[in-house]
Amino acid sequence: MITANRLTNEQYAENFSEIQQPFETKDAALTEANRCLFCYDAPCTKACPTSIDVPKFIKQIATENLKGSAHTIFVSNIMGAGCSKVCPVEKLCEGSCVYNLMEETPINIARLQRYSTEAAIKNNWQLFERKKATGKKVAIVGAGPAGLSCAHSLAREGVDVTIYEKEAKGGGLMTYGIAAYKVTPKFCEDEVNYILGIGGITIKYQQSLGKDFSIEDLQKNYDAVYLAFGVGLARQLSIAGEDLIGVEDAISFIYHLRTNPYSSTPVGEKVAVIGMGMTAIDAATQAKRLGAKEVTLLYRRTQEEMPCTEHELSIAKLDGCKIIWLASPKEILGNNGKVTHIVCDVMQLGNADASGRRSPKPTGETFTLEVDMIIKAAGQMPFQSLVTNNHLDNKDGKINVTNNTTTNIKGVFAGGDCVNGGKEVVDASQAGKDGAKAILNFLFYAKPQSE
Ligand code: SF4
């Protein structure tokens with residue numbers, strides 16, 4: 001049966017302390033910075049969705065110009081501190097570092113990025129001057145990475161920004177949807193406060209689109225609107241037994257854990273987690289760190305196709321989570337309304353589909369696991385009814401935009417997960433920049449159109 005309060009407060013504190021450690025000394029950071037070859041045509045920069053000038057910021061660290069390096073990072077990505085902790089760098093900058101070609105360890109770009117951005121946040125170095133007020137006002141829906149990035153870019157240009165956020169804190173996915181041992185609650189709060197430090201940005205908390213205000217309300221009071229409300233509905237498995245007590249979705253599980261004391265988050269003794277993306281790994285490892293005895297990740301494909309990185313997989317393995325590849329949930333069994341077992345199809349991979357991924361098919365064999373908790377992490381869905389009710393063109397709930405930014409409603413722009421269906425924090429940060437650019441163009445340069 002699922003219970004909370006399994007561990008002592010000291011154990012919870014230890015299990016949820018940050019796992020990625022900074023450089024221990026300045027010398028260690030300088031030594032790593034000096035390994036960089038400062039490539040002319042830097043592949044690490046090309047691999048970054050926000051195009052951070054990696055060799056430049058590393059050179060600035062090497063020459064002890066820490067403020068300059070933080071500026072180089074933030075000018076491309078104001079969420080650069082958070083991204084240094086949560087980016088899948090193996091697939092991005094570090095995975096593209098030329099050292100990989102020489103079969104040597106790539107430059108630890110993330111840790112160097114953390115080195116300078118954390119110094120900037122700790123010392124509150126405000127590295128951008130806000131331009132004179134333009135008198136223009138923009139409303140943003142959502143204080144997650146896309147909303148904050150858009151707000152900062154607009155505030156720099158002298159636009160007054162009001163963000164409407166449905167939660168009690170800013171940061172979005174960073175604050176509510178990622179493992180606490182990757183980004184601590186204190187770090188998330190500090191990062192949001194640092195971004196707001198530029199001035200000209202107000203956040204109205206606990207304000208939900210569709211409940212407390214409409215897009216029409218915002219259009220009446222602001223010169224433009226940017227929608228960055230993300231995704232958040234868990235994809236259902238659509239199998240028997242899904243409504244039994246003990247079956248939960250990963251988003252709710254992580255949200256509860258991030259908004260309550262660890263001791264009050266219920267967790268089972270034997271937990272199965274469905275999925276192999278970052279959210280699945282975060283749910284599995286945190287279930288283990290909350291005191292679950294056995295955690296098993298179930299994935300219908302193989303390690304080759306898994307969406308998480310090898311680094312994330314290694315965290316799960318080090319935490320003692322088991323992984324069963326080629327397993328797809330078929331049915332959930334229970335007793336007295338509570339989950340007791342999960343039955344899975346044993347899968348095999350068929351031919352590659354249009355996206356190049358091989359499709360899994362049942363072999364006809366099944367196996368059964370005894371569990372008292374199941375966490376579903378099989379993907380997230382857009383807020384379809386919210387989007388449709390607000391007359392936004394969309395495809396299955398994902399807002400349709402032109403030029404990456406512009407919705408079908410005049411003066412209303414959108415970006416981040418509510419457009420792309422859910423990508424990385426760094427993608428949302430770039431989307432916010434793109435949105436701000438389009439809004440500035442709309443406010444100051446667009447020719448009036450005849451209605
Ligand atoms: Fe430095 Fe590696 Fe980027 Fe080259 S690819 S600039 S060595 S971090």
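Counting starts at 1 for both ligands and their atoms, following the listed order. Just so you know, these numbers come straight off a predicted model, no measurement behind them.
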With Thr265 as reference, evaluate Gln286, His256, Arg6 under the side-chain hydrogen bond (donor to acceptor under 3.5 Å, both in side chains) test and give the passing residue.
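Among Gln286, His256, Arg6, the one that satisfies the side-chain hydrogen bond (donor to acceptor under 3.5 Å, both in side chains) with Thr265 is His256.
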Counting heavy atoms only, which part of Ile109 comes closer than 4.0 Å to ligand 1: side chain, backbone, both or neither?
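Side chain only; the backbone of Ile109 stays clear of ligand 1.
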Evaluating non-hydrogen atoms only, which member of Cys36, Ser96, Cys44 is closest to atom 3 (Fe) of ligand 1?
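Ranked by closest heavy atom to atom 3 (Fe) of ligand 1, first place is Cys44.
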Heavy-atom contacts with Cys39 under 4.0 Å: which atoms of ligand 1 show up? List them by number with element.
4 (Fe), 5 (S), 6 (S), 7 (S)
Proximal ligand 1 atoms for Val98, defined as those under 4.0 Å from one of its heavy atoms:
2 (Fe), 4 (Fe), 5 (S), 7 (S)
For atom 7 (S) of ligand 1, the protein heavy atom that lies nearest, with its residue and separation:
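The protein heavy atom lying closest is Leu37 N, 3.4 Å.
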Is the Tyr262 ring parallel, tilted or perpendicular to the Tyr12 ring (thresholds 30°, 60°)?
tilted
Measure from the ring center of Phe128 to the ring center of His71 and say whether it is less than 6.0 Å.
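Between His71 and Phe128, which both carry aromatic rings, the centre distance is below 6.0 Å.
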Before we go on, tell me: are the rings of Phe16 and Tyr181 under 6.0 Å apart, centre to centre?
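Judged by ring-centre distance (under 6.0 Å), Phe16 and Tyr181 do not meet the cut-off.
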Checking side-chain polar atoms at under 3.5 Å, does Thr72 have a donor or acceptor matched by the opposite partner on Gln60?
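Per modelled atom types, Thr72 and Gln60 side chains form a pair under 3.5 Å.
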Assess Cys97: does it contribute an N, O or S atom lying under 2.8 Å from atom 1 (Fe) of ligand 1?
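Looking at Cys97, which is the residue asked about, there is no N, O or S atom under 2.8 Å from atom 1 (Fe) of ligand 1.
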